[in-house]
Amino acid sequence: MMTEQRVGTYEVMFLISQAEAADLTAVIEHIDNLFARAGAECLALAKWDERRLAYEIDKQKRGVYLLGYFKCPTDKPGSFERDCHLSEHLLRVIVTKADH
């Protein structure tokens with residue numbers, strides 16, 4: 001008997017440097033690869049804003065935020081977030097459950 005795998009919807013906010021944002025298509029391809037590794041389906045991904053950071057991160061004073069929504073099995077967001085933290089293209093990432 002096969003049990004059906006539970007799927008959840010999640011919201012993710014990426015922070016990238018301005019240098020990475022200069023080649024936004026390459027960053028989006030990289031993020032798509034991260035989604036694929038986690039077995040996630042990207043529902044939406046868009047540039048949200050460019051802002052001055054409250055404190056320097058890797059000698060960066062400004063950053064570009066990307067907001068995304070994705071669906072994946074409920075046991076996969078942890079591994080997706082870990083892959084994002086290991087990525088050299090992303091400064092910061094936060095994943096939350098999208099209950100709204």
Side-chain angles (χ1 to χ4, degrees):
M1 182 163 86
M2 301 255 323
T3 58
E4 193 171 315
Q5 194 169 29
R6 294 178 54 195
V7 175
T9 304
Y10 299 91
E11 182 176 13
V12 60
M13 179 73 74
F14 300 101
L15 175 62
I16 60 174
S17 68
Q18 285 185 309
E20 290 287 339
D23 190 9
L24 201 55
T25 55
V27 173
I28 291 173
E29 285 178 17
H30 176 69
I31 291 171
D32 285 340
N33 288 338
L34 293 173
F35 281 138
R37 283 181 53 156
E41 174 191 353
C42 181
L43 302 174
L45 183 65
K47 181 178 174 185
W48 184 59
D49 202 3
E50 180 179 333
R51 294 194 176 186
R52 185 178 180 276
L53 302 176
Y55 56 91
E56 285 188 17
I57 302 173
D58 294 339
K59 300 181 182 176
Q60 301 292 317
K61 294 183 181 185
R62 297 188 66 81
V64 177
Y65 291 90
L66 301 173
L67 177 64
Y69 292 92
F70 67 97
K71 282 187 176 185
C72 75
T74 54
D75 61 340
K76 296 291 186 177
S79 63
F80 171 73
E81 195 167 6
R82 187 173 41 259
D83 284 347
C84 290
H85 287 299
L86 294 173
S87 171
E88 294 178 1
H89 300 283
L90 307 173
L91 294 176
R92 295 285 189 270
V93 66
I94 186 167
V95 177
T96 58
K97 189 157 177 58
D99 291 332
H100 46 60

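These numbers were taken from a predicted model, which means no experiment stands behind them.
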Over all heavy atoms of both residues, which pair between His30 and Ser87 is shortest? Give the atoms and the distance, please.
NE2-OG, 2.7 Å
With a sphere of 6.0 Å drawn around CG of Leu43, does it hold more than 12 non-hydrogen atoms of other residues, nucleotides or ligands?
yes
Tell me whether the count of non-hydrogen atoms from other residues, nucleotides or ligands lying under 6.0 Å of NZ in Lys97 goes above 12.
yes
Quick check: are there more than 12 heavy atoms from other residues, nucleotides or ligands sitting under 6.0 Å from CZ of Arg62?
yes
Would Tyr65 end up clustered with Tyr69 when hydrophobic side chains under 4.5 Å apart are linked, directly or stepwise?
yes
Nearest-0.5 Å distance, CD of residue Glu29 to CG of residue Leu24:
10.5 Å
If I take atom SG from residue Cys72 and atom CD from residue Gln5, how far apart are they, to the nearest 0.5 angstrom?
9.0 Å
Taking every non-hydrogen atom, the tightest pair across Pro77 and Pro73
CD-O, 3.3 Å
Val64 versus Glu20: any side-chain heavy-atom pair under 4.5 Å?
no
Hey, is CD on Glu56 packed in by over 12 heavy atoms from elsewhere, all under 6.0 Å?
yes
Between Ile16 and Val95, is there shared hydrophobic-cluster membership here, with clusters defined by ILVMFWY side-chain heavy atoms closer than 4.5 Å?
yes
Can you find a pair of side-chain heavy atoms, one from Val12 and one from Ile31, that are under 4.5 Å apart?
no
Interatomic distance, Arg92 atom CZ to Ile57 atom CD1 [nearest 0.5 angstrom]:
4.5 Å
Any link between Trp48 and Ile94 through a network of hydrophobic side chains (Ile, Leu, Val, Met, Phe, Trp, Tyr) touching at under 4.5 Å?
yes
What distance separates Asp23 CG from Ile28 CD1, expressed to the nearest 0.5 Å?
9.5 Å
I'd like to check Phe80 versus Phe70 (side-chain heavy atoms, cut-off strictly below 4.5 Å). Are they in contact?
yes
Once rounded to the nearest 0.5 Å, what's the spacing between atom SG of Cys84 and atom CG of Leu91?
12.5 Å
Are Val93 and Tyr55 linked, directly or through intermediate hydrophobic residues, by side-chain heavy-atom contacts shorter than 4.5 Å (ILVMFWY only)?
no
Side-chain contact test, heavy atoms from C-beta onward, threshold under 4.5 Å: evaluate it for Thr74 versus Tyr10 and give yes or no.
yes
Flag side-chain contact, heavy atom, 4.5 Å: Glu11 against Leu67:
yes
